[in-house]
Colleague: 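Quick one: structure below, then a few questions.
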Protein chains: 2
Amino acid sequence: MSHTLGIRQAQKQKTRQALLDAALALLEEQSLSSLGLREVTRAVGVAPTAFYRHFRSTADLGVALVEEALGSLHPMIRTTVSTTGDPEERVARAIDLIARHVDGYPAHVRFIARERHGGVQPVREAIRDQLARFAQEVKTELAKDPVARGWSEDDLLMLAHLYVDQMLSTASLFLEALEGPEEERADRTLHVTQLATRQMRLIGLGRQHWLD
Amino acid sequence: MSHTLGIRQAQKQKTRQALLDAALALLEEQSLSSLGLREVTRAVGVAPTAFYRHFRSTADLGVALVEEALGSLHPMIRTTVSTTGDPEERVARAIDLIARHVDGYPAHVRFIARERHGGVQPVREAIRDQLARFAQEVKTELAKDPVARGWSEDDLLMLAHLYVDQMLSTASLFLEALEGPEEERADRTLHVTQLATRQMRLIGLGRQHWLD
DNA sequence: AATTCCAGAGAACAGTTGTTAACTGCATGG
DNA sequence: CCATGCAGTTAACAACTGTTCTCTGGAATT
């Protein structure tokens, strides 16, 4: 579908990606609202004015980062809350998937956790929209389960939001474990896994007895 | 207990509080990591250098704000998860308490939600510590309930953390409803109340069937 | 081969930032 | 009453910020 783009466009996208990468790295130690455009271009090695060829402002760049961090994550949702296997196995699989994702893309996870309630409105909205999409997808996945018989649409969405929040909370905990000193890492990761497993299990129990 | 402090100390505390108030107001539209010390002193109407008489840095001020926002909240915990009344009534009371608190101190709630995963490490740690204290208090309150018979200490703390996270999430939703346009406020507040009620109810169900 | 386009460079702008030093005036304790 | 302490002021600093305008070299188009 995408015909090979010329040298021109390719080089442009390359610098654009370099700007996004540099920004993401800088955002490990600060918030988006304090990220300066000069700071980003300096890290990439281009002139400050080059920034404007790609983004209107750092807030604009932030919205693009939301897309990069969450946009490609939708296919994963289906497998995370898939219907196959017994409940206990499903919980273990979901948490393992979260742990792996945090391991693979820690900066993305940190960015989302930080800017979800951060100081830049357009970015907050972009994250909220993406998470709402996740909740919708989780909802349609939940609806497939026989346990969902007799559930109202509202209740399904309510539970979906609870799951999405729980996933984010767990991801954030895994990230904190990852940031700590090397020697504590294994212990803390295990601890988070156990905590998250039991919380998910408890929510699952509430789900089973919802219609009593 | 506190003997009346002299004119000198009183005036100092007054400016200190003015700095905290001004900072909190400025933080409604940005994050702490982008808050400048000059910005704060300008808003108060004092010289920039006066700032140093009270705080080493804006990060230091942030830690003081955490104390102000959460420190005085501990007595409320007991009533929020109190043991009296039937489960449904307790849920309603807890959510009503949260809604009232968000109404009374919206800036404090926003600050905590924003800086919990924000870009300033000492502030993150201060919030984490306070929330851990909350969890401990919720845990001892949960332990009083007959339903908690046979629960391990770990499981009690696991549930306590789940409740604390849920409270924060709910508070944040109430805040969003409060920030929206006047005409939507009532509707959105009601919607959040219903959502939070059902989520708490579901967690309560999981709690009841935990030992099956 | 000649022309247009455009990503990035360069220089300059007014305004901002945190931090230092030396000061002033007034409440405080001897 | 007088000497000390200290909250807040004033002035100055080098460094930094976002944004504008002008320019350039090479890819893209004709």
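In what follows, chains carry the letters A, B, and so on, assigned in the order in which the sequence lines appear, proteins first and then strands, with residues in each chain numbered from 1.
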Colleague: Describe, in one word, how the ring planes of A:H108 and A:Y105 are oriented to each other, choosing from parallel (under 30°), tilted (30 to 60°) and perpendicular (over 60°).
Modeller: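 Plane angle under 30°, so parallel.
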Colleague: Determine, for nucleotides 23-30 of chain C in 5'-to-3' order, which nucleotides have protein heavy atoms under 4.0 Å from the base (write B), from only the sugar-phosphate (write S), or from neither (write -).
Modeller: ----BS--
Colleague: Just by distance, do the side chain of B:Q199 and the backbone of A:M158 share a donor-acceptor pair under 3.5 Å?
Modeller: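 Looks like yes, one N/O pair under 3.5 Å.
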Colleague: For A:E183, is the CD atom crowded, meaning more than 12 foreign heavy atoms sit under 6.0 Å from it?
Modeller: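 Buried by this count: over 12 neighbours within 6.0 Å.
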Colleague: Need to verify one output field. Residue with the more 5' nearest nucleotide on DNA chain C, B:E39 or A:Q11?
Modeller: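 Closest to the 5' end, via its nearest nucleotide, is A:Q11.
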Colleague: Within this structure, what is the NZ-to-P distance between A:K12 and C:dA9, rounded to whole angstrom?
Modeller: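 Rounded to the whole Å, the gap is 14 Å.
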Colleague: So, for B:L178 and B:P106, which heavy atoms are closest and what is the spacing to 0.1 Å?
Modeller: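 Nearest pair, atom of B:L178 first, then B:P106: CD2-CB, 4.1 Å.
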Colleague: What pairs of donor and acceptor atoms, side-chain ones from residues 111-121 of chain A against any protein atom, are under 3.5 angstrom apart with sequence neighbours left out?
Modeller:
unit_1: A:R114; atom_1: NE; unit_2: B:H117; atom_2: O; d: 2.8
unit_1: A:R114; atom_1: NE; unit_2: B:G118; atom_2: O; d: 3.1
unit_1: A:R114; atom_1: NH1; unit_2: A:L27; atom_2: O; d: 3.0
unit_1: A:R114; atom_1: NH1; unit_2: A:E28; atom_2: O; d: 3.3
unit_1: A:R114; atom_1: NH1; unit_2: A:Q30; atom_2: O; d: 3.3
unit_1: A:R114; atom_1: NH2; unit_2: B:G118; atom_2: O; d: 3.1
unit_1: A:E115; atom_1: OE2; unit_2: A:L32; atom_2: N; d: 2.9
unit_1: A:R116; atom_1: NH2; unit_2: A:D165; atom_2: OD1; d: 3.1
unit_1: A:H117; atom_1: ND1; unit_2: B:S172; atom_2: OG; d: 3.4

Colleague: What I want to find out is whether B:R133 reaches B:D129 closely enough, with some N-O distance under 4.0 Å, to be called a salt bridge.
Modeller: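 No.
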Colleague: Starting at CG of A:L35 and ending at C1' of D:dC16, how long is that distance when rounded to a whole Å?
Modeller: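 After rounding, the reported distance stands at 14 Å.
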Colleague: Just grab all the salt bridge (Lys or Arg N to Asp or Glu O under 4.0 Å) pairs involving residues 31-57 of chain A, residues at least two apart or on different chains.
Modeller: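 Residue pairs passing salt bridge (Lys or Arg N to Asp or Glu O under 4.0 Å), neighbours aside: none found.
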Colleague: For the residue pair B:S33 and A:S34, confirm or rule out a side-chain donor-acceptor distance under 3.5 Å.
Modeller: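 Yes, A:S34 and B:S33 have a side-chain donor paired with an acceptor closer than 3.5 Å.
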Colleague: Round to the nearest Å and state the distance from A:K14 atom NZ to C:dC6 atom C1'.
Modeller: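 It is 18 Å, rounded to the nearest whole Å.
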Colleague: Name all stems that contain residues of DNA chain C, defined as runs of 3 or more consecutive Watson-Crick or G-U wobble pairs, both distances under 3.5 Å.
Modeller: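 C:4-12 with D:19-27, C:14-17 with D:14-17, C:19-30 with D:1-12 - these are the stems of 3 or more pairs that involve DNA chain C.
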Colleague: Between A:A23 and A:L65, which heavy-atom pair has the shortest distance, and what is it?
Modeller: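 Between these two residues, the closest heavy atoms are CB-CD1, 4.4 Å.
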Colleague: Round to the nearest Å and state the distance from B:F51 atom CZ to C:dT20 atom C1'.
Modeller: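 Between C1' of C:dT20 and CZ of B:F51: 17 Å.
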Colleague: Any carboxylate oxygen within less than 4.0 angstrom of a Lys/Arg side-chain nitrogen, looking at A:E141 and A:R78?
Modeller: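 Salt bridge between A:E141 and A:R78, a charged N being under 4.0 Å from a carboxylate O: yes.
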Colleague: What is the separation between atom CZ on B:F55 and atom C1' on C:dT19, rounded to the nearest whole Å?
Modeller: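 Result: 18 Å.
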Colleague: Is the count of non-hydrogen atoms from other residues, nucleotides or ligands lying under 6.0 Å from B:E29 atom CD greater than 12?
Modeller: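 Not buried by this count: 12 neighbours or fewer within 6.0 Å.
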Colleague: Would you kindly give the CG-to-P distance between A:L37 and D:dG18, to the nearest whole Å?
Modeller: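 Computing the A:L37:CG to D:dG18:P distance gives 5 Å.
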Colleague: Output the rounded distance in Å from CD (A:Q13) to P (C:dC6).
Modeller: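 One finds 16 Å between P of C:dC6 and CD of A:Q13, rounded.
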Colleague: Working to the nearest 0.5 Å, report the span between CZ of A:R188 and CZ of A:F174.
Modeller: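 The CZ atom of A:R188 sits 12.0 Å away from the CZ atom of A:F174.
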Colleague: Salt-bridge test for A:D145 and A:R90: reply yes if a basic N is under 4.0 Å from a carboxylate O, no otherwise.
Modeller: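 A salt bridge links A:D145 with A:R90.
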Colleague: Using a 4.0 Å heavy-atom cut-off to protein, can you give one letter per nucleotide of nucleotides 10-16 of chain C, 5' to 3': B if the base is in contact, S if only the sugar-phosphate is, - if neither?
Modeller: BBB----
Colleague: Tell me yes or no: between the side chains of B:Q17 and B:E68, is some donor less than 3.5 Å from an acceptor?
Modeller: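 There is such a pair (donor and acceptor under 3.5 Å, judged by atom type) between the side chains of B:Q17 and B:E68.
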Colleague: Taking OP1 and OP2 of D:dG18, is either one under 4.0 Å from a side-chain nitrogen or oxygen of A:S57?
Modeller: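 No, no such contact exists.
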Colleague: What residues in residues 16-27 of chain A put a non-hydrogen atom under 4.0 Å from any atom of DNA chain C?
Modeller: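 Correct list: empty, so none.
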